[in-house]
Amino acid sequence: MAEFFTTFLVLDSSALDQLQRLIDGVPFAVWETVYTTVLSTFFAYLLGLPLGVMLVVGEEQGIHPLPKLLMSVVNVVINLLRSVPFLILMVMVIPLSRLILGTSIGTTATIIPLIVAAFPFVARMVESSLRELDHGVIEAAQAMGCSTIQIIWKVVLPESLPSLLSGATTAFITILSYGAMAGAIGGGGLGSMALNLGYQRQKTLVLWGSVIVLVILVQIFQSIGTHLAIGMDHRITRIDKRARRKNKPDKAGLL
C-alpha cells in the first residue's frame, strides 16, 4: 500500500510538472508558430502569386503568351520543388539560410525553408484559382481595349478573390503544418514543444497539449479564411439575397 501511494504521488507530481511546463511554454510557442507562419506565407505569396499569374496568363492560349521554353522551365522548377519532402528540403536549404540570415538554427532560420517549400504550392494554388474564372469576363475586358496589366489587376485578380482567399487559407494551414516539423532542425513553436519537450522527454501531457493547441489554431484560421472567402464571393451574396427575398413575409405577415 505504501508503494502504491508513493507511485501515485510521483505520477501526480510529474503530471503537475508537465502541466506547469505546458502553461508556461504555450503562449511563447504560439507566438513563434504564428510569427513564422505569417512571415513565411507573406513571402511565399510574394514569390508564388506572380508565378501563378504567369502560369495562366503566359500559356499558349493565355492573355499574353510567353516563350514556351520559359514556361517549361518555370513548370519544371515548381514541380521539382513540390516533389521534395519538407524534411529533406529543410536540410537542403540550410546553406541558403546561412547565406541569408547567417544561421541555420532557430525560429527565424526556419522561415527560409518554409518559403522555399511553400511558394511552389502557392503558385499552383493561384493557378488553380485563376483557371476557375469565366473566360467570357476576360474576353469582355479585351473587347473594351484593356491592356494585359489592366486585365490582371482589375479583372482577373478581383474576380478570383474568393477562390484566392480559400487558397490562401489552405496555404497558411499547410505552412503551419510544415512549421510544426521545423523542430527537427532547431526551430521553435508548438511543433518543437511537442517534439523536443514532449515526445523525446516522454512528457505525454506536454505532447498532447501542444497538439491540441495546434489543432485549435488550425480551426481558428480555417474559420476566419472561410468566412472571408464567403463574404467576398458576390455570387453567394446574390443567391443569399434572392433566397431571403423569396422567404420574406409580405405586409400581412404571411409568406
Side-chain angles (χ1 to χ4, degrees), residues 21-22 25-26 28-52 54-55 72-128 167-204 206-215 217-218 221-222:
R21 285 175 176 267
L22 190 64
V26 160
F28 187 67
V30 169
W31 157 249
E32 286 185 315
T33 301
V34 174
Y35 158 73
T36 55
T37 305
V38 169
L39 281 182
S40 300
T41 304
F42 173 76
F43 286 109
Y45 263 86
L46 206 61
L47 297 173
L49 181 61
L51 285 176
M54 186 177 73
L55 289 172
S72 299
V73 170
V74 171
N75 274 289
V76 168
V77 170
I78 290 175
N79 291 336
L80 283 176
L81 289 175
R82 289 193 63 198
S83 302
V84 181
F86 180 65
L87 284 174
I88 298 175
L89 188 63
M90 281 194 301
V91 178
M92 293 174 62
V93 178
I94 284 177
L96 182 61
S97 299
R98 287 175 179 166
L99 179 65
I100 296 175
L101 301 175
T103 181
S104 60
I105 300 173
T107 302
T108 304
T110 61
I111 294 176
I112 303 300
L114 285 173
I115 294 171
V116 174
F119 86 82
F121 175 73
V122 168
R124 290 302 184 193
M125 292 291 293
V126 171
E127 179 189 9
S128 178
T169 304
T170 302
F172 187 90
I173 292 172
T174 301
I175 295 171
L176 185 67
S177 66
Y178 283 167
M181 292 185 275
I185 61 168
L190 290 167
S192 174
M193 190 174 183
L195 180 65
N196 299 327
L197 185 59
Y199 175 73
Q200 293 184 356
R201 299 187 183 182
Q202 298 183 344
K203 296 185 181 295
T204 309
V206 175
L207 172 62
W208 283 103
S210 303
V211 171
I212 290 171
V213 174
L214 197 59
V215 170
L217 278 180
V218 169
F221 288 119
Q222 180 66 62

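Hydrogens, waters and symmetry mates are skipped; everything else that's a heavy atom, side chains included, is used.
- Applying the ring pair (Phe, Tyr, Trp, His ring centres under 6.0 Å) test to residues at least two apart or on different chains, the pairs with a partner in residues 83-107 are Phe86-Tyr178.
- Here CD1 of Ile112 is found 14.0 Å from CE of Met90. Values are rounded to the nearest 0.5 Å.
- Counting heavy atoms from C-beta on, the side chains of Asn75 and Arg124 come closer than 4.5 Å.
- One finds the CG atom of Leu176 at 11.5 Å from the CD atom of Gln222 (value rounded to the nearest 0.5 Å).
- A donor-acceptor pair under 3.5 Å is absent between the side-chain atoms of Ser128 and the main chain of Met125, judged by distance alone.
- How far OG of Ser40 is from CZ of Phe172: 9.5 Å, rounded to the nearest 0.5 Å.
- The CD atom of Glu32 sits 8.5 Å away from atom OG1 of Thr110, with the distance rounded to the nearest 0.5 Å.
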Show which side-chain atoms of residues 91-98 pair as donor or acceptor with protein atoms under 3.5 Å away, not counting sequence neighbours.
unit_1	atom_1	unit_2	atom_2	d
Ser97	OG	Val93	O	3.4
Arg98	NE	Ser104	OG	3.3

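- Here the side chains of Ile111 and Tyr35 are in contact, with some heavy-atom distance below 4.5 Å.
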Residues Val126, Tyr45; criterion side chain to side chain contact (heavy atoms under 4.5 Å, CB included); working and verdict: CA-CA 9 Å; Val126 171; Tyr45 263 86; 4.2 Å; yes
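- Expressed to the nearest 0.5 Å, how far CG of Leu39 lies from CD1 of Ile115 amounts to 8.0 Å.
- In this structure, Ala117 and Pro120 approach most closely via the heavy-atom pair O-CD, 3.6 Å.
- Note that CZ of Phe42 is 12.5 Å distant from CD1 of Ile175, once rounded to the nearest 0.5 Å.
- With sequence neighbours left out, the side-chain contact (heavy atoms from CB on, under 4.5 Å) criterion links Val74 to Leu51, Met54, Leu55, Leu70, Ile78.
- In this structure the side chain of Leu47 never reaches within 4.5 angstrom of the side chain of Val122, judged on heavy atoms.
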Leu217/Leu190 under side chain to side chain contact (heavy atoms under 4.5 Å, CB included): CA gap, chis, key distance, verdict: CA-CA 10 Å; Leu217 278 180; Leu190 290 167; 3.6 Å; yes
Worked verdict on Thr170 versus Phe121 for side chain to side chain contact (heavy atoms under 4.5 Å, CB included): CA-CA 10 Å; Thr170 302; Phe121 175 73; 4.1 Å; yes
